[in-house]
Amino acid sequence: ANARLLTNGNLKWRYPWIKRLAKGSWIIEPTVLFNSSFIGNNSVIIPNEDSRNVELDDTRLFLANRFQGNDRLDIGQRLVYGLNNYWGWCNHSVHWFIGQSKRLDHKNVLGVHSGENFSTSDYISKLFWSPVSWFHGHWRGIVQSNGKARLSEAGAMLGKSILNIN
């Protein structure tokens with residue numbers, strides 16, 4: 001039996017700015033996270049069976065441990081920053097996010113194809129829009145520093161709440 005202790009500390013700051021408009025509101029929310037944990041907890045003695053595929057996206061960017069399982073730990077120091085933007089008016093809305101992670105210890109913890117290298121991650125982004133009550137669209141993407149999309153996902157929902165087509 002193997003055991004390990006993870007000492008982790010993080011500091012997260014979010015500050016939403018709200019602008020009231022004539023028929024709606026506009027919210028801009030910058031978010032910054034500093035995460036630090038003890039380096040050396042990813043032992044080769046513990047087999048990696050549940051954390052092999054790591055994909056950095058908008059749902060995992062601000063987590064203390066971005067691995068899905070318990071076999072690997074997100075160790076070291078990193079700074080994560082992002083910007084949420086929400087604009088809503090008359091039952092219409094647009095919401096977009098862009099963020100990035102910067103390694104302060106210059107270690108590649110997540111792996112080669114995760115979207116994070118020894119210095120910075122790719123740009124993580126998402127866009128949700130609802131121009132009318134019966135249509136909702138979304139796009140999520142990971143964009144490399146050279147502007148090329150590494151991952152792109154799009155979808156839409158048509159219909160009212162009684163009958164939806166995704």
Side-chain angles (χ1 to χ4, degrees), residues 8-37 50-51 53-70 72-104 109-111 113-166:
N8 186 326
N10 57 50
L11 181 63
K12 187 174 185 179
W13 176 82
R14 296 178 0 175
Y15 194 81
W17 287 309
I18 302 172
K19 171 74 175 172
R20 302 277 181 212
L21 304 172
K23 295 184 179 183
S25 61
W26 184 20
I27 302 170
I28 295 177
E29 180 184 41
T31 305
V32 178
L33 169 79
F34 171 72
N35 190 52
S36 180
S37 65
D50 63 358
S51 302
N53 186 15
V54 178
E55 186 68 53
L56 195 57
D57 62 13
D58 60 293
T59 63
R60 306 199 69 75
L61 187 62
F62 286 97
L63 294 179
N65 186 13
R66 297 172 292 177
F67 287 103
Q68 286 91 354
N70 295 315
R72 291 293 174 261
L73 302 172
D74 198 350
I75 57 175
Q77 294 82 35
R78 62 185 159 86
L79 182 68
V80 183
Y81 42 89
L83 183 67
N84 267 309
N85 190 347
Y86 175 81
W87 185 29
W89 72 102
C90 301
N91 295 325
H92 313 297
S93 65
V94 175
H95 174 216
W96 61 264
F97 168 81
I98 187 164
Q100 189 177 36
S101 176
K102 179 162 182 61
R103 297 292 316 180
L104 301 177
V109 177
L110 296 184
H113 301 290
S114 65
E116 182 177 84
N117 59 25
F118 294 97
S119 179
T120 58
S121 72
D122 295 335
Y123 295 101
I124 311 298
S125 55
K126 72 176 176 180
L127 170 67
F128 293 98
W129 70 96
S130 181
V132 291
S133 64
W134 49 268
F135 176 81
H136 304 283
H138 73 271
W139 174 84
R140 291 177 186 227
I142 299 175
V143 180
Q144 297 172 342
S145 59
N146 61 8
K148 291 183 181 179
R150 195 170 62 78
L151 179 91
S152 187
E153 165 188 302
M157 184 180 76
L158 299 170
K160 297 285 186 178
S161 59
I162 295 174
L163 177 64
N164 288 330
I165 300 172
N166 286 323

Run the numbers on R103 and T120 for side-chain contact (heavy atoms from CB on, under 4.5 Å), then give the verdict.
CA-CA 6 Å; R103 297 292 316 180; T120 58; over 6 Å; no
Residues forming a ring-ring contact (aromatic ring centres under 6.0 Å, His included) with H95, sequence neighbours excluded
none
Please output the side-chain donor-acceptor pairs of residues 136-144 that fall under 3.5 Å, not counting sequence neighbours, one pair per line with the distance.
{"from": "H136", "atom 1": "ND1", "to": "S130", "atom 2": "OG", "distance (Å)": "2.9"}
{"from": "W139", "atom 1": "NE1", "to": "S152", "atom 2": "OG", "distance (Å)": "2.7"}
{"from": "R140", "atom 1": "NH1", "to": "D58", "atom 2": "OD1", "distance (Å)": "3.1"}
{"from": "R140", "atom 1": "NH1", "to": "D58", "atom 2": "OD2", "distance (Å)": "3.3"}

Could you tell me which residues satisfy side-chain hydrogen bond (donor to acceptor under 3.5 Å, both in side chains) with Y86, sequence neighbours excluded, listed by chain and number?
none
Any side-chain heavy-atom pair from L33 and W13 closer than 4.5 angstrom?
no
Heavy atoms of G9 and N35 approach each other most closely as O-OD1, 3.4 Å
Run the side-chain contact (heavy atoms from CB on, under 4.5 Å) test on L61 and F97 for me, step by step, so that the C-alpha distance in whole Å, both residues' side-chain angles and the decisive distance to 0.1 Å come before the verdict.
CA-CA 11 Å; L61 187 62; F97 168 81; 3.9 Å; yes
Under the salt bridge (charged side-chain N to carboxylate O under 4.0 Å, His left out) test, residues paired with E29 that sit two or more places apart:
R14
How about D122 and S145: do any of their side-chain heavy atoms sit closer than 4.5 Å?
no
Apply side-chain hydrogen bond (donor to acceptor under 3.5 Å, both in side chains) to S93 and list each qualifying residue two or more places apart in sequence or on a separate chain.
none
By the side-chain hydrogen bond (donor to acceptor under 3.5 Å, both in side chains) test, which pairs, at least two apart or in different chains, include something from residues 15-26?
W26-N85
Within this structure, what is the OG-CG distance for the pair S121 and D57, rounded to the nearest 0.5 Å?
11.0 Å
Measure across T31 and K12 and return the closest heavy-atom pair with its distance rounded to 0.1 Å.
CG2-CE, 3.8 Å
If you round to the nearest 0.5 Å, how far is CD1 of I124 from CZ of R150?
7.0 Å
Is any side-chain heavy atom of I27 closer than 4.5 Å to one of P16?
yes
Full working for side-chain contact (heavy atoms from CB on, under 4.5 Å) between W134 and L158
CA-CA 6 Å; W134 49 268; L158 299 170; 4.1 Å; yes
Rounded to the nearest 0.5 angstrom, the OG-CZ distance for S101 and F62 is 9.0 Å
Derivation of the side-chain contact (heavy atoms from CB on, under 4.5 Å) call for V32 and L79:
CA-CA 7 Å; V32 178; L79 182 68; 3.7 Å; yes
Inspect the surroundings of OH in Y123 and state if more than 12 heavy atoms from other residues, nucleotides or ligands are less than 6.0 Å away.
no
Any side-chain heavy-atom pair from W96 and W129 closer than 4.5 angstrom?
no
